[in-house]
Amino acid sequence: MKIKYSDTFLTVNKPKDFNESSTNIFFLHGFTGSSQDWNDLLPKIDERFNKITIDLLGHGKSDFPNNPALYSWQPQVEQINTVINHFTDGKVLLTGYSMGGRLALCYAHTYPERLRGLILESTSPGIRDKHYREKRIVDDEKMAEFISAHPVADFIDLWVGKEIFGTMLRFSNEKREEIKRSKLNNNPIGLANSLYGFSTGKMPDLYKQLNKINVPTLLLTGELDSKFTALNKSIVKLFPSARHKIIKNAGHPPHIEEPARFIDAVNDFLKVLI
């Protein structure tokens, strides 16, 4: 289904067994991903919840406007809020991976009263150091320029070849090609503008705001992703009610590399919310 925000449309997938009396969980994918990334996981996640997936702006089947300002964190938070309001005026859960996790955090910062819980996979609350923040903006803009000047397939090869995804080299060639193919459906305008508008360097520094997110929160990172595991070990102490689960034998995307362990961690967390 399509849900309109201003002059743009987001593609949203509603479960066939949607129950008006159940709590809704909204799933936000990462950069170069889409709502389809969650498809194999959803049937195994607690059936007492409605599981709704969103193609974020510039990704999947959602619109890809040629205006980077629409991809910044404030408009994207309002886009997500419009989707949530379409389904309910009550409290919901948000699950976000990487870029989607950063958006989930921005939403929690803006609308804490709308949340019943938060699941953040491989997520950063922003960059504290001004110099590094500015460098990240420059690096992401260079990557956006590459996207604009090359076929999408060339960029996807570059993206999945990044060191942070090196743990996926253990997969078969067939599996890695399947992951790449799933990303080729994205439009280059949307991908480039996602980097221009919502670079980690342009995300607000939310470190000092985490103590205001007073809902049960699950932080998930892969054991083999040393950077994000160390980061989340640090920030878990800043939330009023959070715990950090490290997924064994997984790198940056545990839901892809160790889906069964990811599902178990999510279901264990959801049990305490019933």
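We number each residue from 1, following the sequence as shown.
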Discussion item. Using the rule given for side-chain contact (heavy atoms from CB on, under 4.5 Å), can you reason through R170 versus N249, listing the C-alpha separation, both sets of side-chain angles and the distance that settles it, and then say yes or no?
Written reply: CA-CA 11 Å; R170 59 187 162 156; N249 202 38; 2.9 Å; yes

Discussion item. Is there a side-chain contact (heavy atoms from CB on, under 4.5 Å) between F18 and I52? Walk through the geometry before answering.
Written reply: CA-CA 9 Å; F18 184 86; I52 301 162; 4.0 Å; yes

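- Counting only heavy atoms from C-beta outward, the side chains of W73 and K202 never approach each other to under 4.5 Å.
- For the atom pair CD (Q209) and CG (L238), the distance works out to 11.5 Å, reported to the nearest 0.5 Å.
- Ion pairing between a basic and an acidic side chain is recognised when a charged N comes within 4.0 Å of a carboxylate O; R136 and D139 show no such pairing.
- In this structure the side chain of K248 reaches within 4.5 angstrom of the side chain of R261, judged on heavy atoms.
- For the pair A250 and E258, the tightest heavy-atom approach, listed with the atom from each and the gap, is CB-CG, 3.8 Å.
- A donor-acceptor contact under 3.5 angstrom links the side chains of N50 and N24, judged on distance only.
- Contact check for M168 versus P253: side-chain heavy atoms found under the 4.5 Å cut-off.
- Under the 3.5 Å distance criterion, the side-chain polar atoms of H59 are left unmatched by any main-chain donor or acceptor of L191.
- Of the N and O atoms on the side chains of N13 and S35, at least one donor lies less than 3.5 Å from an acceptor on the other residue.
- Residues E78 and Y111 bring a donor and an acceptor atom of their side chains to less than 3.5 Å of each other.
- In this structure, the separation between SG on C106 and CZ on F198 is 4.5 Å, given to the nearest 0.5 Å.
- In summary, of the residues considered (T82, N85, T8), a side chain to side chain contact (heavy atoms under 4.5 Å, CB included) with I3 occurs for T82 alone.
- In terms of modelled atom types and a separation under 3.5 Å, the side chain of R133 and the main chain of R128 share a donor-acceptor contact.
- N267 has its side chain within reach of I45: a pair of non-hydrogen atoms, C-beta onward, lies under 4.5 Å apart.
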Practice prompt. Step by step, work out the side-chain contact (heavy atoms from CB on, under 4.5 Å) result for K2 and T11.
Written response: CA-CA 5 Å; K2 295 280 190 179; T11 297; 2.8 Å; yes

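- Counted within 6.0 Å of CG on D268, heavy atoms from surrounding residues, nucleotides or ligands total more than 12; the atom is thus considered enclosed.
- Side-chain contact check for K245 versus F269: every heavy-atom pair is 4.5 Å or farther apart.
- Residue L57 comes nearest to P65 through the heavy atom pair CD1-CD, 3.7 Å, listed as atom of the first residue, atom of the second, then distance.
- The shortest heavy-atom contact between Y207 and G126 is CE1-O, 3.5 Å.
- Within the 4.5 Å cutoff, side-chain heavy atoms of Y107 are placed close to those of I84.
- Heavy atoms from other residues, nucleotides or ligands lying under 6.0 Å from CD of Q74 number more than 12.
- Annotation: salt bridge (Lys or Arg N to Asp or Glu O under 4.0 Å) contacts of D63 (sequence neighbours excluded): none.
- Here the straight-line distance linking atom OH of Y71 with atom CG of L103 works out to 13.0 Å at 0.5 Å rounding.
- T229 approaches G222 most closely through the heavy-atom pair OG1-O, 2.8 Å.
- Atom CG of residue D129 and atom CD of residue E134 lie 9.0 Å apart, to the nearest 0.5 angstrom.
- Residue L115 comes nearest to K91 through the heavy atom pair O-CD, 3.7 Å, listed as atom of the first residue, atom of the second, then distance.
- By the 4.5 Å heavy-atom criterion applied to side chains, I213 and L105 are counted as neighbours.
- In this structure, CD on E163 lies 10.0 Å from NZ on K227, to the nearest 0.5 angstrom.
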Worksheet item: Checking side-chain contact (heavy atoms from CB on, under 4.5 Å) for the pair E121/F262: CA distance, chi angles, key distance, verdict?
Response: CA-CA 9 Å; E121 178 190 5; F262 175 87; 3.5 Å; yes

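- Side chain of T217 to main chain of V215: a donor-acceptor pair is present (N/O by atom type, distance under 3.5 Å, no hydrogens or angles).
- Remark: the backbone N or O of A230 is not paired with any side-chain donor or acceptor of S234 at under 3.5 angstrom.
- At distances below 3.5 Å, not a single donor-acceptor pair connects side-chain atoms of R102 with backbone N or O atoms of P125.
- Ion pair E145/K142 not flagged as a salt bridge, since none of the NZ, NE, NH1 or NH2 atoms sits closer than 4.0 Å to an Asp/Glu carboxylate oxygen.
- A distance of 11.0 Å separates OG of S241 from CG of L218, quoted to the nearest 0.5 Å.
- When the side chains of ILVMFWY residues are joined at heavy-atom separations under 4.5 Å, either directly or via intervening members, I246 and F239 end up in two distinct hydrophobic clusters.
- The hydrophobic clustering, which links ILVMFWY residues whose side-chain heavy atoms are closer than 4.5 Å, places M99 and L184 together.
- In this structure, the side chain of R176 engages the main chain of F171 through a donor-acceptor pair within 3.5 Å.
- Partners of F228 under the ring-ring contact (aromatic ring centres under 6.0 Å, His included) rule, at least two apart in sequence or in another chain, are H252.
- At least one donor-acceptor pair closer than 3.5 Å links the side chain of H29 to the backbone N or O of L56.
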Worksheet entry | T167 and E257: CA distance, side-chain angles, deciding distance, side chain to side chain donor-acceptor pair (under 3.5 Å) verdict | CA-CA 8 Å; T167 50; E257 296 188 11; 2.6 Å; yes

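- The local environment of CZ in F26 is crowded, with over 12 non-hydrogen atoms from other residues, nucleotides or ligands closer than 6.0 Å.
- Using a 4.5 Å cut-off between side-chain heavy atoms of Ile, Leu, Val, Met, Phe, Trp and Tyr, with links allowed through other members, L270 and L220 fall into the same hydrophobic cluster.
- Of all the heavy atoms in N186 and G58, the pair that sits closest is OD1-O, 4.4 Å.
- L93 places none of its side-chain heavy atoms less than 4.5 Å from the side chain of T95.
- Neither F146 nor V138 shares a network with the other; the hydrophobic side chains, linked directly or stepwise wherever heavy atoms of I, L, V, M, F, W or Y lie under 4.5 Å apart, form separate groups for each.
- A continuous path of Ile, Leu, Val, Met, Phe, Trp and Tyr side chains, each step under 4.5 Å between heavy atoms, connects L206 with L219, placing both in one hydrophobic cluster.
- Note: W159 and F31 have perpendicular aromatic rings, judged against thresholds of 30 and 60 degrees for the angle between ring planes.
- Environment of CD in E113: crowded, with over 12 heavy atoms of neighbouring residues, nucleotides or ligands closer than 6.0 Å.
- Counting only distance, with no hydrogens or angles, the side chain of S182 and the backbone of K180 share no donor-acceptor pair below 3.5 Å.
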